[in-house]
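Written below as structure tokens is the structure these notes are about.
All values below come from the heavy atoms of this structure, side chains included, with hydrogens, waters and symmetry mates left out. All values reported here derive from a predicted model rather than from experimental measurement.
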Amino acid sequence: MEKLLHELVQRLRTAAEANLRSVVLYGSAAANLYQEKHSDLNVLCVVRRLGSAELDRLAPVVRWWQSKGHPGPMMFTEEELRRSADVFAIELLDIQAASRVLWGENIAARLEIPMQLHPINVERELVHCLVRLRQHYLAARRSPRAVRRLMLASASTAAVLFRHALLALGQPLPSDRRQAVAGLAALAGFDPKPIDGLLDLREGRRNERGFDWEAVFAAYLDAIERAAQAVDRRLAEAAAAKPAEG
């Protein structure tokens, strides 16, 4: 992982030259939860300019990075990052909570993040996650192995969204995934054990023997659906309270 990240930085510096401001690692790898089989290496790049000429210079680096199985770096100018902080609150809060500067400065760390759109973003991402899971499950239904891969690949994203659902529901933002799952399960009314089991598998804490994938998938869907409903109710309650406050 370290060798790959070092090469990415060198390629970015060569391609972008003085245009490059910052390269930051975030997500599971920055939080010491990286698992080579299941985790991506998520990178934020901040540059001075990001027009078509700059994109053309960066394109070969991004193609190389994606060929290694990782998502393309999230690219922003500093001004874009500042102006978009409200709609990228989930990502930026996590970057501020756990990130590692690979080169330059951590520009995201000093941003002030407006929170008024955070609950809406959380509900949107939860529903999007639910829709994607259903779509992939329908396509992979005849392949139990594909269903396993689907759940293991998405469990980390779901855990992140559960953390932010707790924040949207007025609770502190926990740093620990299992605390987030347990806390949200108590509020939204789902069983946390199947999701804990998925996280254990991802992290190598248990093997698949005796793991009931069909039952876990049903519980997994139910948990995400209930989480989205809980955030939606909170938004509805907040909207209903506004006239009374006025």
Backbone N or O of Arg205 within a donor-acceptor pair of the Asp200 side chain at under 3.5 Å? no
So, taking the atom named CG in Leu130 and the one named CD in Gln135, what distance separates them when rounded to the nearest 0.5 Å? 10.0 Å
Where the side chain of Ser22 meets the backbone of Glu105, is there a donor-acceptor pair that is under 3.5 Å apart? yes
Before you tell me yes or no, could you show the steps for Met151 and Leu201 under side-chain contact (heavy atoms from CB on, under 4.5 Å), namely the whole-Å CA-CA distance, both residues' side-chain angles and the distance that decides it to 0.1 Å? CA-CA 10 Å; Met151 283 193 283; Leu201 283 173; over 6 Å; no
Is it possible for you to say whether Val131 and Phe217 belong to one hydrophobic cluster, with membership spreading through side-chain heavy-atom contacts below 4.5 Å? no
Rounding to 0.5 Å, atoms CG (Leu93) and CZ (Arg163) come to a distance of 8.5 Å
Quick check: closest heavy atoms across Pro114 and Ala85, and the distance to 0.1 Å? CD-CB, 3.8 Å
Test: Arg145 and Glu208 ion pair at under 4.0 Å: no
Is there a path from Leu161 to Val87 through hydrophobic residues (I, L, V, M, F, W, Y) whose side chains come within less than 4.5 Å of each other? yes
Pairwise distance CG(Leu12) to CE(Met75) - rounded to 0.5 angstrom: 5.5 Å
Quick check: does any side chain N or O of Gln96 sit under 3.5 Å from a backbone N or O of Ala108, one acting as donor and the other as acceptor? yes
Contact summary for Arg202 and Ala155, nearest pair of heavy atoms: CD-CB, 3.7 Å
If we only count heavy atoms from C-beta on, is the Leu166 to Leu173 side-chain gap below 4.5 Å? no
Quick one: sort the Phe88 and Phe76 rings into parallel, tilted or perpendicular, breaks at 30° and 60°. perpendicular
Say whether Arg177 and Ser156, considering side chains only, have a donor N or O and an acceptor N or O under 3.5 Å apart. yes
Exam field: side chain Glu54 to backbone Arg48, donor-acceptor pair closer than 3.5 Å: no
Flag the pair Leu58 / Leu50 as yes when at least one side-chain heavy-atom distance between them is below 4.5 Å, and no otherwise. yes
Would you say the rings of Tyr220 and Tyr137 are close, in the sense that their centroids are separated by under 6.0 Å? no
Gap between atom CD1 of Ile224 and atom OG of Ser154 - 0.5 Å precision: 6.5 Å
Atom CZ of residue position Arg110 - does it have more than 12 heavy atoms of other residues, nucleotides or ligands inside 6.0 Å? yes
Kindly give the heavy-atom pair with the smallest separation between Trp103 and Val9, and that separation in Å. CB-CG1, 3.8 Å
So, do Leu167 and Met115 sit near enough that their side-chain heavy atoms are less than 4.5 Å apart? yes
In short, Glu79 meets Arg82 closest at the heavy-atom pair OE2-NH2, 2.5 Å
Is the number of heavy atoms from other residues, nucleotides or ligands under 6.0 Å of Arg11 CZ greater than 12? yes
With a sphere of 6.0 Å drawn around CD of Glu112, does it hold more than 12 non-hydrogen atoms of other residues, nucleotides or ligands? no
I'd like to know whether Leu184 forms a side-chain contact (heavy atoms from CB on, under 4.5 Å) with Leu169, so could you lay out the CA-CA distance, the side-chain angles of the two residues, the decisive distance to 0.1 Å, and finally the verdict. CA-CA 9 Å; Leu184 186 60; Leu169 294 172; 3.7 Å; yes
CZ/Arg134 to SG/Cys129 distance, rounded to the nearest 0.5 angstrom? 10.5 Å
So, taking the atom named CD in Glu78 and the one named CG in Leu81, what distance separates them when rounded to the nearest 0.5 Å? 7.5 Å
Please check if the side chain of Asn121 supplies one atom and the backbone of Asp86 the other of a donor-acceptor pair under 3.5 Å. yes
When every non-hydrogen atom of Val181 is compared with those of Pro192, the smallest separation belongs to CG1-CB, 3.6 Å
Using a 4.5 Å cut-off on heavy atoms from C-beta on, say whether the side chain of Thr77 contacts that of Arg49. no
Using side-chain contact (heavy atoms from CB on, under 4.5 Å), reason through Phe211 and Arg148 one step at a time and then give a plain yes or no. CA-CA 10 Å; Phe211 206 74; Arg148 291 198 296 271; over 6 Å; no
Passes side-chain contact (heavy atoms from CB on, under 4.5 Å), Ile95 versus Asn106? Steps please. CA-CA 9 Å; Ile95 290 171; Asn106 194 343; 4.2 Å; yes
On a heavy-atom basis, the closest approach of Gly72 and Trp65 is CA-CD1, 4.3 Å
Kindly work out whether a path of hydrophobic side-chain contacts (I/L/V/M/F/W/Y, heavy atoms less than 4.5 Å apart) joins Val127 to Leu133. no
Donor-acceptor under 3.5 Å (His70 side chain, Leu41 main chain): yes
Stepwise salt bridge (Lys or Arg N to Asp or Glu O under 4.0 Å) check, Lys68 with Glu7: CA-CA 12 Å; Lys68 301 297 182 181; Glu7 185 171 356; over 6 Å; no
